[in-house]
Amino acid sequence: MGPCAAESREQVLATAKAIADRYAVRPATPVGLIFRAGVWKPRTSPSSFQGAGEEALGWLKEVKDTFGIPVATEVATPEHVEAALKAGIDYLWIGARSSATPIVVQSLADSISDLRFKIGDLKAIFIKNPVNADAALWIGNIERLEKTGLPVMAIHRGCNHQPCWHMAHAVRTARPDIPMLLDPSHLSGDAAQVPVLLQKITELGLNGAMIEVHAHPESALSDRKQQIRPDELGILGNLGDLGSLADKELNWLRAEIDELDEQLWETIAARMAVSQRIGEWKKANGIAPLQPERYQVISEKLKVKGERLGLPEEFIKHVWDLIHEQSLKKQE
Ligand code: PEP
Ligand code: MN
């Protein structure tokens, strides 16, 4: 845990001290407590804060030496790997944007293989899921990194601030030997969601969390809304025993179905909003809300679709009629 970005020496050391002071409960994760901070930030806009750069590696080293906590940072180029190893960084993580590009991950794996016995004492590599929901690519990246000979751990950080349980489940099933951590901060983009999401660790038998923690989140230079304060870390005490449920399969499947239901309702609500706009257009152009031939065309299309999807005709007609009825109400 630690800030999204290392912003200044004072911010890094203040956050690390607050974590070291308050971190009373240490769940039995495969890695224990690690202090994280990004020094090279992959930002959407070139005018956003890009991270403090190489200088900040020295601040992380100071955290390690002062508080005895191992430190982690994100790498996106072979030059980053070299600088991080020279600075004595213990763990590297590869972010979601790099993870979407296999050539980048391969170049990082190659430089880690080349340097890990020459400089530093790297302990493991974390690989986040790609920004797009691609389980096969995430698994491929794990394989690329395993060739370095270092332990590899997966981090589920979701896609577009939504969980991607179906992708995480696929990776968990294919590679039960690879520890999987949850990143509730990037997964939700919302500090208020972090405690709720952490419950998924025990529910799904995950192996720990990467949480963004900032001494003063309100003035953070990146990911301001999702970072929690060190005094909120008490939530970790509610986690219970990691891996206490014997069979998590049903919980994984329920997480998948909840995710699909969420998408279903969001889609229905978005459809109603478009329907309302169509209603406004019809009103302005003197057209009645109910257009029987349009209803008929869609009903016919749905019959074919139902066959293709293996959904019974009467079920699909029932759902479509309900949606259509509600849609007409929106246009009244
Ligand atoms: C981060 O951990 O600060 C980060 C940039 O994460 P992600 O790659 O998941 O967006
Ligand atoms: Mn971040």
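Every number for a ligand or one of its atoms is a count from 1 in the order of the listing.
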(Q) Return all protein N, O or S atoms below 2.8 Å from the Mn ion (ligand 2), chain by chain in residue order. (A) Cys4 SG, His186 NE2, Glu212 OE2, Asp223 OD2

Q) Going by distance alone, is a donor N or O of one side chain under 3.5 Å from an acceptor N or O of the other, for Asp321 and His318? A) no

Q: Take the angle between the ring planes of His324 and Tyr295 and call it parallel below 30°, perpendicular above 60°, tilted in between.
A: tilted

Q. Can a donor-acceptor pair be found between the side chains of Trp93 and Thr73 at a distance below 3.5 Å?
A. no

Q.
Looking at every heavy atom in both Pro70 and Tyr91, which two are closest together, and how far apart are they?
A. CB-CE1, 3.8 Å

Q. Can you pull the side chain to side chain donor-acceptor pair (under 3.5 Å) pairs that have at least one residue in residues 259-268, sequence neighbours excluded?
A. His166-Glu259

Q: Select all protein residues for which some heavy-atom-to-ligand 1 distance is less than 4.0 Å, and list them by chain and number.
A: Cys4, Arg36, Lys41, Glu74, Trp93, Gly95, Ala96, Arg97, Lys128, Arg157, His186, Glu212

Q. Regarding His80 and Glu74, is there a side-chain donor-to-acceptor distance under 3.5 Å anywhere?
A. no

(Q) Whether the side chain of Thr15 engages the backbone of Ala215 through a donor-acceptor N/O pair (distance < 3.5 Å, no angle test) should be reported. (A) yes

Q. Listed by chain and number, what are the salt bridge (Lys or Arg N to Asp or Glu O under 4.0 Å) partners of Lys41, not counting sequence neighbours?
A. none

Q | Pairing of Asp223 and Lys225 as salt bridge, 4.0 angstrom limit | A | no

